[in-house]
Amino acid sequence: MEFQANGSAPKPLKFLIYGRTGWIGGMLGKVCQSQGIDFHYGSGRLENRASLEADFAAVKPTHVFNAAGLSGRPNADWFESHKLETIRTNVVGILQLADVSRENGSLLIHFGSACLFNYDADHPIGSGIGFTEEDAPNFCRSFYAKTRAMVEELMVNYENLCILRVRMPISSDLFNPRNLVFKLTQYKKIINVPNSISVLDELIPIAVEVGKKNLTGIWNLTNPGVISHNELLEMYRDYVDPNFTWENFTIEEQDKILVAPRCNNEMDVTKLKKEFPYLLSAKESLIKYVFEPNKKIAAA
């Protein structure tokens, strides 16, 4: 079926969302509900093509949002010992959804990952030089990153596709176990490296606007600038828990206790900022959407 890219939606919106029980999928539904957008959650499994086709036949979506897939529990080390499950769902399943979406003329907005890059000589820490949508991934030292990069390389061949790269997601729900703030508060020691982040309370509504505009291609869905782990926890201490303390250790010390190394990076969001000029910087977004709301809760 014909797909009209990068323009206004030509007919009434009807969203099909995968990831109902997940963090991003749940937020997507709330945004759609608040805006009066007709949406339905898919019941099919990514690895089961027939179940996906049944969803499409029932809903007849104009847009498909994929926030489903395997997430490592409790962290990315999980993927190192569950490689076949990862391939089945996060590679084959996602590609299958892209293919079914194309067959039905639907735009697929897929929430991918920006954990494909690591600071290097051309993108040194503190330089402000971020990785763009055109840069090739340079970090494949974990199975999670390797499969994410593989899927992205293959998916870009579909013209009905938009990939939104998320990085270290944070939301105002500080008790969500997927929230970077929650994770950091649970660790005995943390590294202190500046990184790009995705403040979901601001960026999920932007993702919906991406769908409305029929934008395609790869987009870095992060807030401008970076924030270090220490800066993040200082904000948590100042706004939420004045008694909170933490300790630092080095990346080399961290690597000794991990099965797979982790990446650190700054993403370039020139493309996203041009399309959505009201996008706040990482620190501004954290204050407005995450810590100010929780300051009121903490003081209550």
Side-chain angles (χ1 to χ4, degrees), residues 3-10 13 15 24 27-28 31-32 34-35 37 62-67 98 106-120 122-138 148-149 152-153 155-171 194-227 263-290:
F3 171 74
Q4 179 182 350
N6 298 322
S8 300
L13 300 172
F15 290 175
I24 290 178
M27 293 183 73
L28 278 169
V31 172
C32 290
S34 68
Q35 296 186 15
I37 296 173
T62 58
H63 299 72
V64 180
F65 286 81
N66 182 46
S106 304
L107 170 61
L108 172 61
I109 297 97
H110 170 67
F111 288 88
S113 175
C115 298
L116 312 176
F117 303 92
N118 198 42
Y119 289 120
D120 59 17
D122 295 324
H123 308 81
I125 295 178
S127 67
I129 302 173
F131 292 93
T132 71
E133 288 82 356
E134 288 73 38
D135 287 327
N138 71 345
R148 285 291 195 177
E152 184 174 284
E153 181 180 3
M155 288 183 83
V156 294
N157 292 290
Y158 286 88
E159 73 279 3
N160 63 310
L161 179 78
C162 178
I163 298 176
L164 301 177
R165 290 173 172 166
V166 176
R167 173 70 177 156
M168 290 187 166
I170 298 173
S171 81
N195 273 284
S196 285
I197 59 169
S198 298
V199 180
L200 299 183
D201 301 73
E202 179 176 20
L203 292 173
I204 295 304
I206 284 179
V208 171
E209 293 303 313
V210 165
K212 291 179 181 179
K213 293 186 174 190
N214 280 349
L215 301 180
T216 58
I218 298 174
W219 297 74
N220 291 334
L221 192 70
T222 64
N223 293 87
V226 293
I227 188 165
C263 64
N264 295 284
N265 63 49
E266 177 173 356
M267 305 303 294
D268 184 290
V269 289
T270 302
K271 182 178 176 181
L272 188 69
K273 182 73 173 178
K274 182 177 180 181
E275 192 71 36
F276 303 99
Y278 52 83
L279 177 64
L280 297 178
S281 71
K283 293 180 182 179
E284 292 172 327
S285 193
L286 281 169
I287 292 172
K288 179 177 179 179
Y289 291 102
V290 178

A.B. asks: Do the side chain of Q35 and the main chain of C32 share a donor and acceptor less than 3.5 angstrom apart?
C.D. replies: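 Checked: no pair found.
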
A.B. asks: Work out which heavy atom in S34 is nearest to a heavy atom in V31; give both atom names and the distance.
C.D. replies: OG-O, 2.7 Å

A.B. asks: What pair of heavy atoms forms the shortest contact from A98 to M155, and how long is it?
C.D. replies: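 Closest approach of A98 to M155, heavy atoms only: CB-CE, 4.2 Å.
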
A.B. asks: L286 versus I227: any side-chain heavy-atom pair under 4.5 Å?
C.D. replies: yes

A.B. asks: Has E153 got more than 12 heavy atoms of other residues, nucleotides or ligands less than 6.0 Å from its CD?
C.D. replies: no

A.B. asks: With sequence neighbours excluded, what pairs up with T270 under the side-chain contact (heavy atoms from CB on, under 4.5 Å) test?
C.D. replies: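 Here the qualifying residues are D268.
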
A.B. asks: Look up atom CG in N66 and atom CG in L108, then write down how far apart they are to the nearest 0.5 Å.
C.D. replies: 6.0 Å

A.B. asks: Enter the distance from I206:CD1 to L215:CG here, rounded to the nearest 0.5 Å.
C.D. replies: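 The CD1 atom of I206 sits 11.5 Å away from the CG atom of L215.
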
A.B. asks: Measure from the side-chain N and O atoms of K273 to the backbone N and O of L279, and report whether any donor-acceptor pair falls under 3.5 Å.
C.D. replies: yes

A.B. asks: Before giving the answer on side chain to side chain contact (heavy atoms under 4.5 Å, CB included), spell out for L116 and E152 the whole-Å C-alpha distance, their side-chain angles and the decisive distance to 0.1 Å.
C.D. replies: CA-CA 10 Å; L116 312 176; E152 184 174 284; 3.7 Å; yes

A.B. asks: Carefully, step by step, assess K212 and I37 under the rule side chain to side chain contact (heavy atoms under 4.5 Å, CB included).
C.D. replies: CA-CA 10 Å; K212 291 179 181 179; I37 296 173; 3.8 Å; yes

A.B. asks: Taking C-beta and beyond as the side chain, do N223 and E202 meet within less than 4.5 Å on heavy atoms?
C.D. replies: yes

A.B. asks: Can a donor-acceptor pair be found, under 3.5 Å and without considering hydrogens, that links the side chain of T216 to the backbone of L161?
C.D. replies: no

A.B. asks: I'd like to check I204 versus L28 (side-chain heavy atoms, cut-off strictly below 4.5 Å). Are they in contact?
C.D. replies: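 Contact flag for I204/L28 side chains = yes.
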
A.B. asks: Rounded to the nearest 0.5 Å, what separates atom CD1 in I109 from atom CH2 in W219?
C.D. replies: 12.0 Å

A.B. asks: Among E266, R165, M267, exactly one meets side chain to side chain contact (heavy atoms under 4.5 Å, CB included) together with T222. Which residue is that?
C.D. replies: M267

A.B. asks: Answer with yes or no whether the side chains of N118 and N265 bring together a donor and an acceptor at under 3.5 Å.
C.D. replies: no

A.B. asks: When you compare the side chain of S285 with that of K288, does any pair of heavy atoms fall below 4.5 Å?
C.D. replies: no

A.B. asks: What closest approach, in Å, do L280 and P224 show between heavy atoms, and which atom pair accounts for it?
C.D. replies: O-CD, 3.0 Å

A.B. asks: Is the closest side-chain heavy-atom distance between F131 and D122 below 4.5 Å?
C.D. replies: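 Result no, sub-4.5 Å side-chain heavy-atom pair not found.
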
A.B. asks: Residues in ring-ring contact (aromatic ring centres under 6.0 Å, His included) with F111, at least two apart?
C.D. replies: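 Applying ring-ring contact (aromatic ring centres under 6.0 Å, His included) to F111 gives none.
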
A.B. asks: For S198 and L221, work out which heavy atoms get closest and say how close.
C.D. replies: OG-O, 2.7 Å

A.B. asks: With rounding to the nearest 0.5 angstrom, report the CD1 to OG distance, I163 to S113.
C.D. replies: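 Output value for this atom pair is 11.0 Å.
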
A.B. asks: Would you call K213-E275 a salt bridge at under 4.0 Å N-O?
C.D. replies: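 Judged by the 4.0 Å cut-off on N to carboxylate O distance, K213 and E275 do form a salt bridge.
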
A.B. asks: Check whether any side-chain heavy atom of N195 sits under 4.5 Å from a side-chain heavy atom of V226, and report yes or no.
C.D. replies: no

A.B. asks: Given side chains that start at C-beta, do those of R167 and I197 come closer than 4.5 Å, heavy atoms only?
C.D. replies: no

A.B. asks: Apply side chain to side chain contact (heavy atoms under 4.5 Å, CB included) to the pair F117 and N264, showing each step before the final yes or no.
C.D. replies: CA-CA 7 Å; F117 303 92; N264 295 284; over 6 Å; no

A.B. asks: Which residue is it: N160, L13, V210? I am looking for the one with a side chain to side chain contact (heavy atoms under 4.5 Å, CB included) to H63.
C.D. replies: L13

A.B. asks: Compare every heavy atom of D201 with every heavy atom of I170, then report the nearest pair and how far apart it is.
C.D. replies: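 Reported closest heavy-atom pair: O-OD1, 4.2 Å.
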
A.B. asks: With a 4.5 Å limit on heavy-atom distance, are the side chains of K271 and N220 in contact?
C.D. replies: no

A.B. asks: Enumerate donor-acceptor pairs with a distance under 3.5 Å from any side-chain N or O in residues 123-130 to protein atoms, sequence neighbours excluded.
C.D. replies:
residue	atom	partner	partner atom	Å
H123	ND1	D120	OD1	2.8
S127	OG	P124	O	2.8
S127	OG	I129	N	3.1

A.B. asks: Looking only at non-hydrogen atoms, find the nearest pair between L107 and C162 and report the distance.
C.D. replies: CD1-N, 4.2 Å

